[in-house]
Protein chains: 2
Amino acid sequence: MILMTWKLDSDRPIYSQLVEEIRMQIVSGAYPPGSKLPSVRELASDAGVNPNTMQRAFTELERNGLIETRRTNGRFVTEDGTLIRSIRRELAGEQLTDFFHKMEQLGYQKQEVLSLITSVYEEESLQ
Amino acid sequence: MILMTWKLDSDRPIYSQLVEEIRMQIVSGAYPPGSKLPSVRELASDAGVNPNTMQRAFTELERNGLIETRRTNGRFVTEDGTLIRSIRRELAGEQLTDFFHKMEQLGYQKQEVLSLITSVYEEESLQ
DNA sequence: ACTACTGTACTAAGTAATTAATACAATAAT
DNA sequence: ATTATTGTATTAATTACTTAGTACAGTAGT
């Protein structure tokens, strides 16, 4: 059982946000490979959404291959650690390119972005 | 007249995306302070959306103070360059914190993030 | 065998976003 | 004065998302 924050906003479809949250939990290792996920009803209750909405999120998630369904037993995270790490890298790459693209749109030169980043690292001591 | 890309997806309300696009155009200087914006109908036609939707986007935008409305003459970007730069910095800060937060969620240590960033800079030559 | 839990499916209702089609008052341009 | 353009308002219809409620078949645990 994992205590998840489920910070959902109303600016996007809830099922999309659920997909992203759960996928994040899997690729970050919160749900290890092969582990059993809580049931649709339990997760729905936990997130405060309708079971149908959570069901829809799982349906979307299954197409990635990140989770497998055993019909009347529950859902499980894939054992394929390589796939998980691959998707993790993919998501990180998207974050990186999106970030640089937005900063470029905002008119920030790469040098400025770099100095902003280093200033962040100076505030919080490097771990 | 500005040629805008209007890359809209269906995963979020269109009016929200319009708000972000136009705000980006203003703070990045594509629409200079004091300049006149195209009419609701023209921008709506340009973006391929309903005039009502564009109208809604402008209503949202006006609360930031970035644009001013002269009742039957049109809309204009504010002359307040300080406000514009302030919002630009604010948006950049959000991008930065969101990025680091997501990478942290993905389980990336700060060191890893830093090395990813520097590798990006090595690919594209610094301008 | 029985019970509880599993994923799944279905219908109905409500809400928000979007489009469409008008219409109106005020002003700039002529 | 007249015309065209401006922002704005209104109503109706459509679509997508969400919730609610119910139901069914299969299986693990007892």
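Naming convention: chains lettered A, B, ... in sequence-line order (proteins, then strands); numbering from 1 in each chain. Values in this document were obtained by computation on a predicted structure and should not be read as measured data.
Atom CG in B:Asp11 sits roughly 14 Å away from atom C1' in C:dA17 (whole-Å rounding). Rounded to a whole Å, the CD1 atom of A:Ile67 is 14 Å from the C1' atom of C:dT6. Residue A:Gln55 contributes atom CD, which lies 17 Å from atom P of D:dA20 at whole-angstrom precision. In this structure, A:Leu43 atom CG and C:dC5 atom C1' are separated by 15 Å, rounded to whole Å. Taking atom CZ of B:Arg70 as the reference point, atom P of C:dT27 lies 13 Å away to the nearest angstrom. Rounding to whole angstrom units, CD of residue A:Glu68 and P of C:dT8 are separated by 13 Å. Computed from coordinates, the A:Met54 CE to D:dA20 P distance equals 14 Å when rounded to whole Å. For the pair A:Tyr15 OH and C:dA16 P, the interatomic distance rounds to 18 Å; values are reported in whole Å.
Shown here for A:Pro32 and A:Ala30, the closest heavy-atom pair between the two residues is CD-O, 3.5 Å. Heavy-atom minimum distance, A:Val77 versus A:Pro33: CG1-CA, 3.8 Å.
Applying side chain to side chain contact (heavy atoms under 4.5 Å, CB included) to A:Gln17 and the options A:Val49, A:Leu8, A:Ile22, A:Asp11 leaves one that passes, A:Leu8.
Looking at A:Thr59, its side chain does come within 3.5 Å of a backbone N or O of A:Gln55 through a donor-acceptor pair. Judged by distance alone, with hydrogens and angles left aside, the side-chain atoms of B:Lys102 form no donor-acceptor pair with the main-chain N or O of B:Thr97 at under 3.5 Å.
For C:dT6, the OP1/OP2 oxygens have a side-chain nitrogen or oxygen of A:Ser39 closer than 4.0 Å. Contact annotation: A:Arg56 side-chain N/O to D:dC17 OP1/OP2 distance is under 4.0 Å. Residue A:Arg75 places at least one side-chain N or O closer than 4.0 Å to OP1 or OP2 of C:dG7. The shortest distance between the side-chain N/O atoms of A:Ser10 and the OP1/OP2 oxygens of C:dA16 is not below 4.0 Å.
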Just by protein heavy atoms under 4.0 Å, how would nucleotides 25-30 of chain D read 5' to 3' in B, S and -?
-BSS--

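Taking only distance into account, the side chain of A:Arg41 meets the base of C:dT8 through a donor-acceptor pair shorter than 3.5 Å.
In terms of position on DNA chain C, the residue among B:Asn50 and A:Leu37 whose nearest nucleotide sits closer to the 5' end is A:Leu37. Residue whose closest nucleotide on DNA chain D sits further toward the 5' end, between A:Asn52 and B:Glu62: B:Glu62.
Taking a cutoff of 4.0 Å between a charged side-chain nitrogen and a carboxylate oxygen, B:Arg12 and B:Glu20 qualify as a salt bridge.
Within the nucleic acid shown, B:Phe58 has no heavy atom closer than 4.0 Å to any nucleic acid atom.
Residues that satisfy the side chain to side chain contact (heavy atoms under 4.5 Å, CB included) test with B:Met103, not counting sequence neighbours, are A:Ala92, A:Gln95, B:Phe99, B:Leu106, B:Tyr108, B:Val113, B:Leu116.
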